[in-house]
Amino acid sequence: MKIHYFQRYQQKENVATANTMLLLSRLYQYSPDKFFRFLKAESDAFEPEVTFTLQEKNESSVPDATITQESFKVVVETKRSDKFDPNQLVNHLAAFDDQKYKRLVTLAPIPMSESMKKLVEAEISKHKKASGEKFGIVHVNMTFKELADAVQDVLDDHDYDMQEVLDDYIDYCRHDNLIVEQDSWKYLRMRLCGTTFDFNKKSGLYYDKAEHGFRPHDYLGLYKNKSIRAIGKICARIVAWEESGKMRYQPEFGECTKEHMDTIVEAIKDGKNYGYDLAAEKHRYFFVDQFVETDFRKVTPYAPMGARIFDLTDVLGADSLPDVQEIAKALSTKTWS
């Protein structure tokens with residue numbers, strides 16, 4: 001049974017806020033450096049880290065060394081829609097004092113309207129003039145997806161524990177409709193394959209436990225020996241399990257054809273060769289039209305420990321995607337780390 005880090009089943013703004021703060025606090029506990037990199041990525045001219053300086057001169061002395069951290073404060077307002085209350089945001093400005101770095105973060109499933117952004121900027125400007133504060137407030141509007149992506153950007157392949165926490169946060173956000181994916185068409189999800197690679201490639205499927213969450217994606221890649229060796233476009237996604245001696249099938253996407261059901265049964269038989277009992281619990285089976293060979297190589301040491309998402313428009317430098325054959329050909333000229 002999968003362990004969840006973030007509470008579900010209570011669709012309230014304070015739960016969304018608490019879960020987001022839990023994510024960021026876990027990131028800070030895991031790596032202060034990665035936490036500060038996350039903060040800096042979301043706002044220009046933000047240097048919140050601790051600095052170590054030797055022989056720093058002041059007006060009357062030169063101490064041997066100084067350890068400094070500039071003051072900062074981040075105020076967060078969370079909504080389950082884009083309906084922010086202007087008066088509430090104006091009142092939040094009073095939460096800041098004389099910190100050097102001040103960030104008002106508004107967080108919602110969809111971006112704030114341009115008219116509201118302009119209103120917030122105008123109120124911040126008025127507040128600065130009225131208060132006479134030396135350092136101004138910067139407004140940062142983010143969606144839950146953008147926040148999750150920003151955390152993902154500071155994680156490395158070996159950050160297994162933190163990646164598990166982030167994956168559960170993303171799963172929570174999808175569960176509560178805080179992240180609504182509309183761009184699955186451009187995402188490739190890499191899955192690790194070892195002993196089952198040949199069967200997966202030949203059968204045009206990959207399977208995983210149904211309890212595992214995932215970001216919607218249209219493309220699937222099979223990784224083996226330091227490279228993504230085959231990719232395919234997903235045509236069906238089916239959850240299957242055995243109950244009272246009979247196989248049960250629950251289609252989530254595409255059709256559940258007789259061919260698909262037969263292939264699932266073959267996968268269960270094949271899995272037994274490697275000690276897998278796929279029928280004992282629900283598994284999700286991803287079917288592709290065809291796996292096409294490629295060689296999208298990983299150039300850094302160590303194999304990834306889990307799934308990884310690639311934005312193919314970024315990898316290929318394109319606004320739209322060609323067919324799978326052309327994608328596979330293009331990926332063979334690329335590398336990743």
Side-chain angles (χ1 to χ4, degrees), residues 11-21 23-24 35-48 72-97 99-154 166 169-170 172-187 215-216 309 311-314 317-321:
Q11 294 190 347
K12 298 179 180 179
E13 287 170 4
N14 58 352
V15 174
T17 303
N19 281 347
T20 302
M21 292 302 102
L23 170 69
L24 297 183
F35 174 77
F36 288 130
R37 281 168 52 195
F38 160 79
L39 288 182
K40 291 171 66 175
E42 299 313 304
S43 182
D44 296 333
F46 192 11
E47 302 291 340
F72 72 93
K73 187 171 187 176
V74 179
V75 173
V76 180
E77 179 60 32
T78 303
K79 295 295 181 188
R80 297 187 61 85
S81 70
D82 65 338
K83 304 301 181 184
F84 288 94
D85 181 351
N87 293 326
Q88 183 183 44
L89 295 180
V90 170
N91 291 336
H92 286 344
L93 302 182
F96 296 100
D97 296 312
Q99 297 89 5
K100 182 173 182 179
Y101 300 113
K102 308 173 189 180
R103 300 296 182 263
L104 173 63
V105 176
T106 48
L107 184 64
I110 59 178
M112 179 183 285
S113 67
E114 289 301 318
S115 59
M116 178 62 79
K117 286 182 182 178
K118 291 179 180 179
L119 177 59
V120 173
E121 294 300 332
E123 291 297 333
I124 288 175
S125 179
K126 286 168 54 178
H127 175 81
K128 187 174 187 298
K129 291 179 181 179
S131 64
E133 294 175 351
K134 181 179 179 181
F135 302 107
I137 301 168
V138 176
H139 173 222
V140 179
N141 177 241
M142 300 181 71
T143 64
F144 287 93
K145 182 179 184 302
E146 288 171 338
L147 185 143
D149 286 347
V151 174
Q152 182 69 74
D153 286 344
V154 303
L166 176 60
Y169 175 78
I170 293 173
Y172 152 73
C173 286
R174 292 200 187 101
H175 178 276
D176 275 22
N177 295 315
L178 300 175
I179 291 180
V180 181
E181 299 282 4
Q182 298 178 328
D183 49 5
S184 63
W185 62 271
K186 65 179 182 178
Y187 288 123
R215 173 184 293 185
I309 288 285
D311 183 336
L312 290 175
T313 60
D314 285 344
D319 294 328
S320 59
L321 298 177

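Computed from a predicted structure; not experimentally measured.
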Nearest-0.5 Å distance that lies between atom [atom1] in [X] and atom [atom2] in [Y]:
X      : Y      : atom1 : atom2 : result
Asn19  : Tyr172 : CG    : OH    : 4.5 Å
Lys83  : Ser113 : NZ    : OG    : 8.0 Å
Thr78  : Met21  : OG1   : CE    : 6.0 Å
Met112 : Lys118 : CE    : NZ    : 14.0 Å
Lys186 : Ile309 : NZ    : CD1   : 11.5 Å
Lys102 : Ile124 : NZ    : CD1   : 11.0 Å

Test side-chain contact (heavy atoms from CB on, under 4.5 Å) on Met142 and Val140 and set out the steps.
CA-CA 6 Å; Met142 300 181 71; Val140 179; 3.8 Å; yes
Determine the minimum heavy-atom distance between [X] and [Y], stating which atoms define it.
X      : Y      : answer
Tyr187 : Pro216 : CD1-O, 3.9 Å
Phe38  : Leu147 : CE1-O, 4.0 Å
Ala108 : Ser81  : CB-O, 3.2 Å
Thr143 : Pro111 : CG2-N, 3.6 Å
Arg80  : Asp176 : NH2-O, 2.7 Å

Look only at the side chain of [X] and the backbone of [Y], and say whether a donor-acceptor pair between them is shorter than 3.5 Å.
X      : Y      : value
Thr20  : Ala16  : yes
Asp85  : Asn87  : yes
Lys128 : Phe135 : no
Glu146 : Phe144 : no
Asp311 : Thr313 : yes

With sequence neighbours left out, the residues meeting side-chain hydrogen bond (donor to acceptor under 3.5 Å, both in side chains) with Asn141 are Thr106
Should we say atom CG of Asp319 is surrounded by more than 12 heavy atoms from elsewhere, each under 6.0 Å from it?
no
Residue set satisfying ring-ring contact (aromatic ring centres under 6.0 Å, His included) with Phe35, at least two apart, ordered chain then number -> Tyr28
Listed by chain and number, what are the ring-ring contact (aromatic ring centres under 6.0 Å, His included) partners of Phe84, not counting sequence neighbours?
none
Checking His127, Arg103, Lys73 against Phe96 for side-chain contact (heavy atoms from CB on, under 4.5 Å), the one that qualifies is Lys73
Would you call the rings of Phe72 and Phe36 parallel, tilted or perpendicular, taking 30° and 60° as the class edges?
perpendicular
May I ask you to say whether Arg215 pairs ionically with Asp149, meaning some side-chain N is under 4.0 Å from a carboxylate O?
yes
Decide side-chain contact (heavy atoms from CB on, under 4.5 Å) for Glu121 and Ile137; before the verdict, give the C-alpha distance in whole Å, the side-chain angles of both, and the deciding distance to 0.1 Å.
CA-CA 9 Å; Glu121 294 300 332; Ile137 301 168; over 6 Å; no
Do the non-hydrogen side-chain atoms of Gln152 and Leu166 ever get within less than 4.5 Å of each other?
yes
Measuring only between side-chain heavy atoms, which start at C-beta, is Val105 closer than 4.5 Å to Val75?
no
Determine, stepwise, if the pair Leu104 / Val74 fulfils side-chain contact (heavy atoms from CB on, under 4.5 Å).
CA-CA 6 Å; Leu104 173 63; Val74 179; over 6 Å; no
One pair to check against side-chain contact (heavy atoms from CB on, under 4.5 Å): Glu123 and Val120. What are the steps and the verdict?
CA-CA 5 Å; Glu123 291 297 333; Val120 173; 5.8 Å; no
